[in-house]
Amino acid sequence: MAHVLTIIGTRPEIIKMAPLIPLLDDAFEHTFLFTGQHYSQNMVEIFLDEMGLRRPDAFLDVNDSDRDRLEEGIRAWLVGRHFDAVLVYGDTNSTLAAARAVPKEAKLVHIEAGIRSFDSRMPEEFNRIEVDRLSHYRLPPSGLGRYFLTDFEGIDPDTVEVVGNLVVDAYRQNRERILSAPLDDGLSPRGYHLLTMHRAENVDDPKRLKAILDNLARLDKPVVFPVHPRTEARMREFGLEFPVNLRILEPLGYYRFMRLMHDCELVITDSGGVQEEAVTLGVPCITLRDNTERMETVFLQAAVLYDADHRNDLDVVAADMCARRDVIRSLKNPYGEGDAAQRILRFLQDKLAG
């Protein structure tokens, strides 16, 4: 039986990999490693519990997001261990550190391969490009990712397989629990917008952050905002205040956040994963960036890019996107139908047979 290693290191990766890891446990001799890039173990345990996912076989407790430290920790753990294949997900520093640390005799498999923003300022763009270069097999979530890999970057098509997006699997498997999560007091379906914002280009620049806040203040519905610690710190540092129409919450778990997204009128976000979840739920999305690696959502007009440095009409854009809600809900999901985990498993069984 093939011996497979899965390496992840952040809480969002727990959500996305939760549908796949039990299948790997059943099909292979499978080891699950958590690097500790998100190093609040208590928070990690909460996400594992919420997603019904078993504990990792090893916590590295690197307690750092630095790529070099993560790579050093993974290399040290790998000494004396042999794996036929190593799975990594996405574009985090843990992903690249693992890809660099894996011995060449192991087949490196990159899930969520091929997504591109073509923005060289993004550290995630550097990570994902190098991981794809180092990988033996690349599993993009859509045909667009396959195009970027094979036609644009010249990667061997035999090493690329479109599998869909595990975000869809996670939602479908947990839909009943999500819908049974309580909606916050005072909120009614489609009576509010949902905001997430944490990226450096939005919150580390006081002028841009203030412009976004001023735009949010003009929206005609309450805006529910689970505040990321980075954003909260920058607000204090810059002496800024939240507009009165923002309803500030602590960071949320998966079920409660997805319930808020399910019932909101509009999502406003700079998060890649939230863009995927919004199109999966059929919720209109404004992406608070001037580019995105989830281009499928923009091509389908399920989302629109919004560059706060050059625009001052968020209320107008919000009204336009809300008017498209019924059309967006009828779109075929570009990220698949919720069978990504099964497709990944079949691919691995085929490649590792014998």
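We use all heavy atoms of the structure for the numbers below, so side chains are in, but hydrogens, waters and symmetry mates are not.
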So, R218 and N312: side-chain donor and acceptor under 3.5 Å apart, yes or no? yes

Within this structure, what is the CD-CG distance for the pair E293 and L144, rounded to the nearest 0.5 Å? 11.5 Å

Test item: I344 and E161 side chains (from C-beta on) under 4.5 Å apart, heavy atoms: no

Any ion pair linking K332 and E296 (charged N to carboxylate O, less than 4.0 Å)? no

Exercise: identify the closest heavy-atom pair between L240 and P206: CD1-O, 4.3 Å

Any chance CD of E250 has more than 12 other-residue heavy atoms, nucleotides or ligands included, within less than 6.0 Å? no

Steps toward side chain to side chain contact (heavy atoms under 4.5 Å, CB included) verdict (D84, F28): CA-CA 10 Å; D84 299 293; F28 303 107; over 6 Å; no

Does the side chain to side chain contact (heavy atoms under 4.5 Å, CB included) test come out yes or no for L348 and Y137, once each step is laid out? CA-CA 10 Å; L348 292 172; Y137 301 117; 6.0 Å; no

What do you reckon, is CZ of R81 surrounded by more than 12 foreign heavy atoms closer than 6.0 Å? yes

Correct closest heavy-atom pair for S94 and G9 would be OG-CA, 3.6 Å

After noting the C-alpha distance and the side-chain angles of R294 and E112, does the key distance pass the salt bridge (Lys or Arg N to Asp or Glu O under 4.0 Å) rule? CA-CA 11 Å; R294 275 73 176 186; E112 201 180 77; 3.7 Å; yes

When you check the side-chain N and O atoms of N215 and R311, is any donor under 3.5 Å from an acceptor? no

Within the distance-only criterion (no hydrogens, no angle test), does the side chain of S135 pair as donor or acceptor with the backbone N or O of R138 below 3.5 angstrom? no

Which of parallel (below 30°), tilted (30 to 60°) and perpendicular (above 60°) describes W77 and F83? parallel

The side chain to side chain contact (heavy atoms under 4.5 Å, CB included) partner of H193 among D220, L246, I286 is D220

Checking side chain to side chain contact (heavy atoms under 4.5 Å, CB included) for the pair L194/V274: CA distance, chi angles, key distance, verdict? CA-CA 11 Å; L194 179 63; V274 173; over 6 Å; no

Checking V298 now: which residues fulfil side-chain contact (heavy atoms from CB on, under 4.5 Å) with it, not counting sequence neighbours? T292, L305

For residues 141-151, the salt bridge (charged side-chain N to carboxylate O under 4.0 Å, His left out) pairs (sequence neighbours left out) are none

Please report whether the ring centroid of F152 lies less than 6.0 Å from that of F118. yes

Could you see if M261 belongs to whatever hydrophobic cluster contains L166? Use Ile, Leu, Val, Met, Phe, Trp, Tyr and a side-chain cutoff under 4.5 Å. yes

Tell me, do Y335 and V167 make a side-chain contact under 4.5 Å, heavy atoms counted? no

With heavy-atom distances below 4.5 Å as the criterion, would you say the side chains of N291 and M122 are in contact? yes

Please step through side chain to side chain donor-acceptor pair (under 3.5 Å) for the pair Y255 and E50, ending with a clear verdict. CA-CA 8 Å; Y255 294 146; E50 194 170 38; 6.0 Å; no

A side-chain contact here means heavy atoms from C-beta on lying under 4.5 Å apart; do R247 and P222 qualify? no

Any side-chain heavy atom of E13 within less than 4.5 Å of one from K16? no

Shortest non-hydrogen contact from L53 to P22? CD1-CD, 4.3 Å

Value for CZ (R259) from CG (N174), rounded to nearest 0.5 Å, stands at 14.5 Å

Measure the shortest side-chain to side-chain distance between L266 and K221 over non-hydrogen atoms and say whether it is less than 4.5 angstrom. no

Taking ring-ring contact (aromatic ring centres under 6.0 Å, His included) as the test, write out the residues that go with H198, two or more places apart. H228

Does anything in residues 91-102 form a salt bridge (charged side-chain N to carboxylate O under 4.0 Å, His left out)? List the pairs, not counting sequence neighbours. D91-R128, R100-E130

Do L134 and I129 belong to the same hydrophobic cluster, where Ile, Leu, Val, Met, Phe, Trp and Tyr are linked whenever their side-chain heavy atoms lie under 4.5 Å apart, directly or via other members? no

Going by the salt bridge (Lys or Arg N to Asp or Glu O under 4.0 Å) test, name the single residue among R67, R199, R116, R289 that passes it with E124. R199

Are Y147 and V163 linked, directly or through intermediate hydrophobic residues, by side-chain heavy-atom contacts shorter than 4.5 Å (ILVMFWY only)? no

Kindly indicate whether the side chain of R55, heavy atoms from C-beta on, has any atom under 4.5 Å from the side chain of F32. no

So E237 and R234, side chain to side chain contact (heavy atoms under 4.5 Å, CB included) or not? Walk me through it. CA-CA 5 Å; E237 179 182 342; R234 294 298 180 269; 3.6 Å; yes

Heavy-atom pair with the smallest gap, counting every atom of P243 and L213: CG-O, 3.3 Å

Is it true that I15 and F34 fall in one hydrophobic cluster, defined by side-chain heavy atoms closer than 4.5 Å? yes

What's the spacing between L96 CG and L70 CG if we round to 0.5 Å? 9.5 Å

Does either side chain, that of E277 or that of Y171, offer a donor lying less than 3.5 Å from an acceptor on the other one? no

To the nearest 0.5 angstrom, please state how far the CD atom of E265 sits from the OG atom of S188. 10.0 Å

What is the minimum heavy-atom distance between H136 and T159, and which atoms define it? O-CB, 3.3 Å

Hydrophobic clusters here meaning ILVMFWY residues chained together by side-chain heavy-atom distances under 4.5 Å, can you tell me if V267 and L281 are in one? yes

Within the side chain of D313, is there an N or O that forms a donor-acceptor pair under 3.5 Å with the backbone of V316? no

Any salt bridge between D350 and R346, counting N to O under 4.0 Å? no

Given side chains that start at C-beta, do those of T287 and Y306 come closer than 4.5 Å, heavy atoms only? no

When every non-hydrogen atom of L195 is compared with those of L216, the smallest separation belongs to CD2-CD1, 3.7 Å

Counting only heavy atoms not in E72, do more than 12 sit closer than 6.0 Å to its CD atom? no

Among pairs that include at least one residue of residues 164-187, which meet salt bridge (charged side-chain N to carboxylate O under 4.0 Å, His left out), considering only residues two or more places apart or in two chains? R172-E337, D184-R256

Mind checking what makes side-chain contact (heavy atoms from CB on, under 4.5 Å) contact with D307, not counting sequence neighbours? R208, D290, D309, H310

